[in-house]
Amino acid sequence: MLTAAGCLARRERLWKALPSDCDFLLVGAPEHLVYLADYNPSPFAFRTNEAGAVLLLEPGRGVLVADDMVGPFVEKAQVEEKVTPSWYDGDRAAPNRRGLLVQSVLDRLEKSAGNRAWIELSAVPAGVVGGLRRSKPDLEIHDLTPILRQMRRAKDADEVEAIKRSIRAGEAAHAAALAGVRPGMTELDVYLLCQNAAIKALGEPAILYGDFASGPRTWKDKGGAPTDRVIQKGDLLLMDFSILVDGYRGDFTNTIAVGGCQSQAQRDLFAACERSLKAGESVLKAGAPARAVHEAVLGSFASEGLDGHFPHHSGHGIGLGHPEPPYFVPHSDETLVEGDVVAIEPGLYVDDVGGMRFERNYLITADGFETLTHHQIRLD
């Protein structure tokens, strides 16, 4: 979970980032409720069904509005005030849940002075915005979304720790796959093997999502959700997955030859991917253009005549979103900043030979990077 100090520091930075005066802010995206208030309802609890929440920020005060059915998660949130209207008491029929949220936010906003508001327009319910306009005819509204998007780039220490928790669970899952995958298993069997290892490492339920593709799917689909396809001896198995922990996630990849590598051509592709990963790492540091990372990865493949088999981006940012800025693509205009957490993921896909991708995560520092993922990258 995020810390109270971290949430408070992010809220204070948000106020300072506003380009004009403001009386109050409204935030509604679930990822930003995590980011600013550590409000993170569990997807494994029935009480979160259809739940919504809004964060109201006044100078020096954070107010979380969410109904009492998610009360245990509201109680853990790092805010100064909690508004929890009663939605369903088990005695009377429940009203419209989202409507109750809208009205509760509007009721609380009656106490908020001023007419200058910054609102996350892409996420705050339209009913709240409409109600505000009716109650405050002189209301001045600005969109908060672009500021939050930029703020999230540089991760704080508590955010990095949440990502590292996800990574540790992912490393346990990758290790379990290396030790336990055998010919005759299905892709779904591998998914369950990895999920079980990740949950045991975390000590709590978690969502694991991503690519578990084998055999021809590795070059035809270049990934995809696990299926009931039976993995044959010598098949390549591409595993590119993330575990959601406290709203954050890492994202790292390995490709293995199940039952042993059967092809020198596959070994050559693997070696080229390793060299390309190192080439991308050589560019990583604060101030470097994001497109330079892509150019390094692609350039490594091009030097071996393999760039035609590399059809996707070279990597991206990771954290509350997946993918999120910065993007390692040819026409990016972004620059790496200290505190970015990024993934580099070179891959090669050759018909009737195999498709493979390898990926690590890094924390960008002032003079370079810290490697966050330490899973074993190997073909067999």
Report yes if the side chains of [X] and [Y] come closer than 4.5 Å at any heavy-atom pair, otherwise no.
| X | Y | value |
| --- | --- | --- |
| L55 | H32 | no |
| V245 | R249 | no |
| L57 | V63 | no |
| T255 | M239 | no |
| F301 | H309 | no |

- Task: Can you see which heavy atom on E75 is nearest to which on K82, and at what distance?
- Result: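 Closest approach of E75 to K82, heavy atoms only: O-NZ, 2.8 Å.
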Kindly check if the number of other-residue, nucleotide or ligand heavy atoms within 6.0 Å of [atom1] ([X]) is above 12?
| X | atom1 | value |
| --- | --- | --- |
| R13 | CZ | yes |
| R11 | CZ | yes |
| F46 | CZ | no |

Rounded to the nearest 0.5 Å, what separation is found between the [atom1] atom of [X] and the [atom2] atom of [Y]?
| X | Y | atom1 | atom2 | result |
| --- | --- | --- | --- | --- |
| I256 | L379 | CD1 | CG | 9.0 Å |
| T373 | I344 | OG1 | CD1 | 10.0 Å |
| I199 | L208 | CD1 | CG | 8.0 Å |
| D340 | I364 | CG | CD1 | 6.0 Å |
| T253 | E359 | OG1 | CD | 3.5 Å |
| S166 | F252 | OG | CZ | 6.5 Å |

- Run through R149, K155, R153 and flag the one making a salt bridge (charged side-chain N to carboxylate O under 4.0 Å, His left out) with E324.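 It is K155; the other options fail the test.
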- Cation-pi check, R291 to F328: give yes when NZ or CZ is under 6.0 Å from the six-membered ring centre and within 45° of the ring axis, no otherwise.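 R291 over F328 ring: no.
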Pair [X], [Y]: side-chain N/O donor-acceptor within cut-off below 3.5 Å:
| X | Y | answer |
| --- | --- | --- |
| T145 | E120 | no |
| D189 | T186 | yes |
| E334 | Y327 | no |
| Y248 | E159 | yes |

Donor-acceptor pairs are to be reported for all side-chain atoms of residues 292-300 against protein atoms at under 3.5 Å, with residues two or more places apart or in another chain.
| from | atom 1 | to | atom 2 | distance (Å) |
| --- | --- | --- | --- | --- |
| H294 | ND1 | S314 | OG | 2.6 |

Which label fits [X] and [Y]: parallel for a plane angle under 30°, tilted from 30 to 60°, or perpendicular past 60°?
| X | Y | result |
| --- | --- | --- |
| F212 | Y191 | perpendicular |
| H316 | H313 | tilted |
| H322 | Y209 | tilted |

- Query: Would R357 and D211 count as a salt bridge (charged side-chain N to carboxylate O under 4.0 Å, His left out) if you check the C-alpha gap in whole Å, the side-chain angles of each, and the deciding distance to 0.1 Å?
  - Reply: CA-CA 11 Å; R357 186 163 64 249; D211 296 330; 2.9 Å; yes
- With salt bridge (charged side-chain N to carboxylate O under 4.0 Å, His left out) as the test, would you mind laying out the steps for D158 and R10 before giving the verdict? CA-CA 11 Å; D158 58 341; R10 286 185 284 277; 2.9 Å; yes
- Starting from Y349, walk the hydrophobic network (Ile, Leu, Val, Met, Phe, Trp, Tyr; side-chain heavy atoms closer than 4.5 Å) and list everyone else you reach, by chain and number.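 Via sub-4.5 Å side-chain contacts, Y349 links to W219, L238.
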